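Note that the structure is predicted; figures quoted are calculated from it, not measured. So that the names make sense, note that chain A is the first sequence line, chain B the second, and so on, each numbered from 1.
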Amino acid sequence: MRASRFHLVTTRETPADAEIASHQLMLRSGMIRKLTSGIYSWTPLGWRVLKKVENIVREEMDRAGYLELLMPAIQPAELWQETGRWDDYGELLLKITDRAGREFVFGPTHEEVITDIARNELRSYKQLPITFYQIQTKFRDEIRPRFGVMRAREFLMKDAYSFHIDQASLEETYWEMYEVYSRIFERAGLVFRAVRADSGEIGGSASHEFHVLADSGEDQIVFSTDSDFAANIELAEAARPEGEAPAPGKEMELVDTPNVRTIAELCEQFDLPVEKTIKTLVVEASEESGGGLVALLVRGDHELNEIKAAKLPQVASPLRFATEEEIRAAVGAGPGSLGPVNLPIPCLADHSVLVMSDFGAGANSDDKHYFGINWGRDVEAPAGADLRNVVEGDTSPDGQGTLRLARGVEVGHIFQLGTKYSESLNAVVLGEDGKSHAMPMGCYGIGVSRIVAAAIEQNHDENGICWPAPLAPFTVAILPMNAKKSHRVRDVAEQLYADLTAAGVECLLDDRNLRPGVMFNDMELIGIPHRVVVGERGLDEGKLEYRLRTAEANEDLPLEGAVEAILEKLGRS
RNA sequence: CGGGGUGUAGCUCAGUCUGGUAGAGCGCUGCCUUCGGGAGGCAGAGGCCGGAGGUUCAAGUCCUCUCACCCCGACCA
C-alpha cells in the first residue's frame, strides 16, 4: 500500500474525550471515528487490524472443527419472550419496532436464535456434539459506554454455541474451547490469563473469563503464586482464617467520636489500627428471610464483595444498599456510627471479622463508638460468611501459595449453559435410548473489537502503538528520505516495495514526500513493527537502515540482498 | 438512572464573569525557501459560537427550555 493513497490521517494532539492510551492512540492514529456515543466507524487502517484479529479467531475456530454461520442481527420479540429474556435482559436490550408495529431486538447475543435453529435442525444424538459460531456485530445499550471500542455499544463479537447429548459431552467441548481460546490469544501475541468467573445474567454453571493483562483493565483478577488457582475477584473465595479470636485484652468502652464518618477518620483521630476496626454495611434483606434490612460486617481494611453478598440466602439479589433514611428508621443512628453491639437488625460477619478481638465499631448511636469489643463477652458473635474481596497476600483458597492481584480486560468468556435455553425453547433430540433429551449447551464469546483496544493497552510506548506482529496493519514501513530530490532513493524504495510485496509482505511505502520527522512519527504512531529507511546517505555506502519498532537503535542492512535480510528479520526466511 | 462537567473552524482550546467588528495554535489550499525526528515565509479557504425561545438598541456572552457529548457509580465481550 502506498501511504499517499491510503487515507492516513493522524493527529498530533490527543482528542479531549479519550481517557486511556488505547482510545487516545486509536483516535490519533486514525483507526476509528466516533459516530455517536459508543458507536464507531473503523477507517481503512483500523479495519485492517480488526480483520487480523477476526482471521486469527476464524482460523482457530475452523481448525477446531466448529462451523461458521451467520445469524440475523435483528430478531423477533417472540423468541425473546419465549426464553423470558425480553424482560430479564433489561435496559441493555435495544428494542425496535417495524412499520406494522411488530417488536424486534437488535441482537446483543444469539442464544435464542441459535437454539431456534438447533430445535429445527437437530433431531438425533448422532448429529451431536456440534458447535456453531459467527463473527458479527452486536448491540448492547450500555448504560455507560466508555474508553472507545473497549466498551462500545456496537461491537464485533465472535459468539459460538455448542449442543450436546449430555453434560459429559458439554464438558469435553468446554475444555476444548478453553484450549482453543488460549491458542487464539497466544497467536494474537497477547499476555493473558484465564480465570474462573461468575456466570452472571446468561446463566449456567461453570464459566471462565479470559483477560488481557493491563493496568487500565476494568476487572480485578486474582491468582495464586504456587498453584493454578485464578479467578475474577468477584468470585475468588477468601480462605477461612484458622484458629479462634485471641482472648480479650481490653475492657469495652463507649467513646464520643464526633466528626467521625469513615473508618479512615476513626483510625486517624483515635490512633486505632485499621485492622482493629469493623465496617458495618446495611443492605436490603431477601424476601425469604423476612425482608427488611441486614447488616454485613467486614474488617475496616477490607472491601465488601457485592457479588458474593448477593448470593447469600439472607441478602436480596441484586444487592441494594439501604438509604440513610432506612438505616436511621431501623437502627436509630446514621451510617457512620453503626456496629454489632446493640444492633437491632440481623447481622452477618465476614469470617475474618470473627477472629478479631479488642476491636472498635460504631455504637448505633450518633457520634459514639465502642472500643475494645470482644465477641462472646460483649456481644454474641454473628453467623460467619465469605463477604469480602480477597486482598494481595491472602492465602489461596486451595491452600497453596498466596494471592496476587492484577487488572485485566475481559476479551473472552466461556460458559456451560446447561439446558436453560434448550428447555425454554424445547430444543430436544432423540437419544440412544429412543427418548427426547433437552440438549445441554455451551456458549463462548470473544470480543473481537475489544481485543484491538486491549492489544494497544498492552503494547504501546510514548511514541504510539507497538503492534504485536500478528495484529499489525502492515508489517514493514518503507521510508524514502527526500525522494522528491533523489531518483536513486525513489527507485530503491520502489524496488524494495515491489519485491517485498511480491514476497507476500504487507508493506506501507511512505511516498507522501513529507519531511522525514513527520514520516518517522506517523509510522511509530500507527505502530508498524518493522521500518526500513532509504536515504542518500546510506545508499552511498550501499546500505539501508532497519529498525524494529520496539528496538532502541538502528542497524544497517546491505543493499545487496536487502529483501532476504528483511524477510529474515520477519522470521520468514 | 443518580451525581459532576463540557458544547465556539477538521482537531486542541481562548473569548462568556463585566453584552458592542468571532480569535490563536495545529491541520487544509497555493507559491517560495527548506529537507535524516512533527521546518520557515507570504497569500488564502474554512464558523447560523449545539438547538429553540426570551431579555436588550445590540447576545458567543444574560435568562428559560431542550439536545448532544464526556467524567464518577451499578453491567458486560
Relative to the ring of A:F210, is the ring of A:F185 parallel (under 30°), tilted (30 to 60°) or perpendicular (over 60°)? tilted
For nucleotides B:rG19 and B:rC49, find the distance between their C1' atoms and express it as a whole number of Å. 14 Å
Lys/Arg N to Asp/Glu carboxylate O, A:E536 vs A:K485, below 4.0 Å: no
Within the 4.0 Å heavy-atom criterion, would you say A:E545 contacts the bases, only the backbone, or no part of the nucleic acid? base
Using a 4.0 Å heavy-atom cut-off across all strands, classify A:D17 as base, sugar-phosphate, or nothing. sugar-phosphate
Any donor-acceptor N/O pair under 3.5 Å between B:rG27 base and A:E13 side chain: no
For A:N305 and A:E234, which I'm curious about, is there any donor-acceptor pair between the side chains at under 3.5 Å? no
Applying the Watson-Crick and G-U wobble criteria at under 3.5 Å, what pairs with B:rC13? Answer none if nothing qualifies. B:rG23
With a 4.0 Å cut-off on heavy atoms, is A:E524 in touch with a base, just the backbone sugar-phosphate, or nothing at all? base
Below 4.0 angstrom, N of the basic side chain to O of the carboxylate: do A:E555 and A:K569 qualify? yes
Would you mind classifying the nucleic acid contact of A:R151 as base, sugar-phosphate or nothing, using non-hydrogen atoms under 4.0 angstrom? base
Using a heavy-atom cut-off of under 4.0 Å over every strand shown, decide if A:A152 touches base, sugar-phosphate, or nothing. base
Does the structure show a Watson-Crick or G-U wobble partner for B:rC1, both distances under 3.5 Å? Name it, or say none. B:rG73
Residue mapping more 5' on RNA chain B - nearest nucleotide basis, A:M519 or A:S449: A:M519
Whole-Å gap separating C1' (B:rC71) and CD1 (A:I143): 16 Å
Rounded distance in Å between the P positions of B:rG25 and B:rC17: 25 Å
Anything under 30° is parallel, anything over 60° is perpendicular, the rest tilted; go ahead and classify A:Y444 against A:Y181. perpendicular
Less than 4.0 Å between a side-chain N and a carboxylate O, is that true for A:R531 and A:E524? yes
Expressed in angstrom and rounded to an integer, what is the separation of A:R140 atom CZ from B:rC76 atom C1'? 6 Å
So, is A:S37 close to the B:rC70 phosphate, meaning a side-chain N or O under 4.0 Å from OP1 or OP2? yes
Give A:G445 one of three labels, base, sugar-phosphate or nothing, depending on what nucleic acid heavy atoms sit under 4.0 Å from its own. sugar-phosphate
Can you tell me the Watson-Crick or wobble partner of B:rA68, both distances under 3.5 angstrom? B:rU6
Report which part of the nucleic acid A:V533 touches: base, sugar-phosphate, or nothing (heavy-atom distance under 4.0 Å, all strands). base
Rounded to the Å, how far apart are A:H23 NE2 and B:rC11 C1'? 14 Å
Which of parallel (below 30°), tilted (30 to 60°) and perpendicular (above 60°) describes A:H208 and A:W175? perpendicular
Between the side-chain atoms of A:D219 and the base atoms of B:rC76, is any donor-acceptor pair under 3.5 Å? yes
Give the nucleotide from the list B:rG37, B:rG27, B:rC75 with an atom nearest to the side chain of A:E218. B:rC75
Taking only the C1' atom of each, what is the distance from B:rG27 to B:rG46 in whole angstrom? 11 Å
Just to be sure I understand the rule, does A:G517 reach a base, reach only the sugar-phosphate, or reach nothing, if contact means heavy atoms closer than 4.0 Å? sugar-phosphate
Integer angstrom distance from the C1' of B:rG60 to that of B:rG20: 13 Å
If we take the P atom in both B:rC71 and B:rU33, what is their distance in whole Å? 48 Å
Using a strict threshold of under 4.0 Å (side-chain N to carboxylate O), is an ion pair present between A:D141 and A:R153? yes
On a whole-Å scale, what distance lies between the P atoms belonging to B:rG7 and B:rC13? 9 Å
A:R2/A:E494 ion pair, N-O < 4.0 Å: yes
Tabulated below should be each protein N or O lying under 3.5 Å from an N or O of nucleotides 28-35 of chain B; please produce it.
unit_1 : atom_1 : unit_2 : atom_2 : d
B:rU34 : O2     : A:R515 : NH1    : 2.7
B:rC35 : O2'    : A:N482 : OD1    : 2.6
B:rC35 : O2'    : A:N482 : ND2    : 2.0
B:rC35 : O2     : A:N482 : OD1    : 3.0

Could you tell me how far B:rA14 sits from B:rU56 if I compare only their P atoms? Round to whole Å. 32 Å
Do the charged groups of A:E60 and A:R63 touch, with an N to O distance under 4.0 Å? yes
Which is true for A:D522 with a 4.0 Å heavy-atom rule: it touches a base, it touches only sugar-phosphate, or it touches nothing? base
Is the phosphate of B:rG73 approached by A:R146 (side-chain N or O, under 4.0 Å from OP1 or OP2)? yes
Atom pair distance, as rounded to whole Å: CG in A:L94 and P in B:rC76: 18 Å
Salt bridge or not between A:R328 and A:E324? Use side-chain N to carboxylate O under 4.0 Å. yes
Taking atom types as they are modelled, would you say the side chain of A:R144 forms a donor-acceptor pair with the base of B:rC1 within the 3.5 Å cutoff? no
Write out a two-atom table: protein N or O, nucleotide N or O from nucleotides 6-8 of chain B, distance below 3.5 Å.
none

For the side chain of A:R531 and the base of B:rG37, is some donor closer than 3.5 Å to an acceptor across the two? yes
For A:F520 and B:rG36, are the ring centres under 5.5 Å apart with planes inclined under 30°? no
Under 4.0 Å, counting only non-hydrogen atoms across every strand here, what does A:R547 touch: a base, just sugar-phosphate, or nothing? base
At 4.0 Å (heavy atoms only), tell me whether A:V518 reaches a base, stays on the sugar-phosphate, or touches nothing. base
For A:E237, does the CD atom sit with more than 12 other heavy atoms under 6.0 Å from it, leaving out its own atoms? yes
With a cut-off of less than 4.0 Å, is there a side-chain N or O of A:T109 near OP1 or OP2 of B:rA77? no
Whole-Å C1' distance, B:rC1 and B:rA59: 35 Å
What I want to find out is whether A:K420 reaches A:E111 closely enough, with some N-O distance under 4.0 Å, to be called a salt bridge. no
In whole angstroms, how far is the C1' atom of B:rG37 from the CG atom of A:D461? 14 Å
Rounded to whole angstrom units, what separation is found between the NE2 atom of A:H208 and the P atom of B:rA77? 15 Å
Going through the checks in order, is the side-chain contact (heavy atoms from CB on, under 4.5 Å) test met by A:L296 and A:V282? CA-CA 6 Å; A:L296 305 176; A:V282 181; over 6 Å; no
Expressed as a whole number of angstroms, how long is the span from A:E142:CD to B:rC76:P? 9 Å
Can you tell me how far P of B:rC76 sits from NZ of A:K158, to the nearest Å? 18 Å
Under 4.0 Å, counting only non-hydrogen atoms across every strand here, what does A:R28 touch: a base, just sugar-phosphate, or nothing? base
Looking at every strand, decide which applies to A:L92 at a 4.0 Å heavy-atom threshold: base, sugar-phosphate, or nothing. sugar-phosphate
For B:rU29, which nucleotide is its Watson-Crick or G-U wobble mate, given both distances must be under 3.5 Å? B:rA43
